[in-house]
Trainee: 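This is the structure, below, for whatever I ask next.
Order of listing sets the numbers, starting from 1, for every ligand and every atom in it.
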Amino acid sequence: MFNKDLGQHILINPLVSQSIVDKARLKQTDTVLEVGPGTGNLTIKILEQAKRVIACEADARLAAELTKRVQGGPYQHKLEILHGDVMKRDLPFFDVCISNTPYQISSPLTFKLLFHRPTFRCAVLMFQREFALRLVARPGDSLYNRLSVNCQLYAKVSLVMSVGKNNFKPPPNVESSVVKIEPLDPPPPIDFEEWDGMLRIAFSRRNKTLAASFKSTATMQMLESNYKTFCASNEVMMEEGFDIKQRVLGVLDKLGFAETRASKMDIDDFLKLLAAFHDADIHFC
Ligand code: SAM
């Protein structure tokens, strides 16, 4: 009856649905984006508090069921259902996003939301517990990784509550948690491709030192090729005897990061590192 490929685990505990909606602190003027409304258990609670709900549902059968559920009722005109894959469409304007997310799109959906402009006020999202814990992990935590850093670069992220498997039908294999994401406004003026390119290298060997991660042959080749492209497009003469390894390790040494592990670095450390690489004309894309 439910499509596992679409992550269909219906929230059957009305207390949990109500808590999720309450955590969003909706205003009567809010437009809310809901991703994957399913049969509408969360949708109805959102409709009770918001001005308008735009719900994007991939499953035509469930979209029809939800249409029927509100038909002729007081909320019919407040609800717009978009049928299709949320990842394949431009998002409309919204103030708040609420979703019991299909877990297979957790990461791309999070970044689609974080890159959405204008920035929204907050998103209250249900995820698999491990994914949620990664989003909020701090330097030194065992789950701290590139996802934690990237998400926290753009938003304040907090854990709202844990939700056990039995609150869903059918129950998923893993426990779930709800997080609240409040984007920084204005967003930090970062070239994300450059930033993420650097983080990919820094976290490629999570528990190794930065010097070890950056020294890999493939990384050095990539950085050297980027350096040549940079010189060519900026009409900079390549110095005689230029050695990419020396240049990269020089930056790490200068900042005192050569023996530091990415798993212990915070966002300010990574910002300093990227600025120092750019000062040395080292680029990541
Ligand atoms: N919101 C409902 C609830 O809480 O009971 C259902 C949540 S269920 C975990 C996820 C929902 O997202 C399903 O209705 C599924 O069909 C829908 N879905 C899955 N992938 C989607 C996608 N790429 N775009 C939009 N909806 C999607």
Trainee: Show your reasoning for whether salt bridge (charged side-chain N to carboxylate O under 4.0 Å, His left out) applies to R146 and D196.
Mentor: CA-CA 8 Å; R146 189 165 62 89; D196 193 46; 2.7 Å; yes

Trainee: Tell me if the centroids of the rings in Y154 and F111 come within less than 6.0 Å of each other.
Mentor: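 That pair fails the under 6.0 Å test.
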
Trainee: What does the list of residues with a heavy atom under 4.0 Å from ligand 1 look like, ordered by chain and number?
Mentor: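 Heavy-atom contacts below 4.0 Å: L6, G7, Q8, H9, I10, L11, E34, G36, P37, G38, L42, C56, E57, A58, D59, L62, G84, D85, V86, N100, T101, P102, I105.
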
Trainee: Pick one: which of D95, D30, D185 meets side chain to side chain donor-acceptor pair (under 3.5 Å) with R121?
Mentor: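 That would be D30.
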
Trainee: Identify whether the distance between the nearest side-chain nitrogen and carboxylate oxygen of K245 and D243 falls below 4.0 Å.
Mentor: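 A salt bridge is absent here (no side-chain N lies under 4.0 Å from a carboxylate O).
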
Trainee: Measuring from E130:CD to S176:OG, what's the distance to the nearest 0.5 Å?
Mentor: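 OG of S176 is found 12.5 Å from CD of E130.
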
Trainee: Check the side chains of R205 and S213 for a donor-acceptor pair under 3.5 angstrom, ignoring hydrogens and angles.
Mentor: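 No, no side-chain donor-acceptor pair sits under 3.5 Å.
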
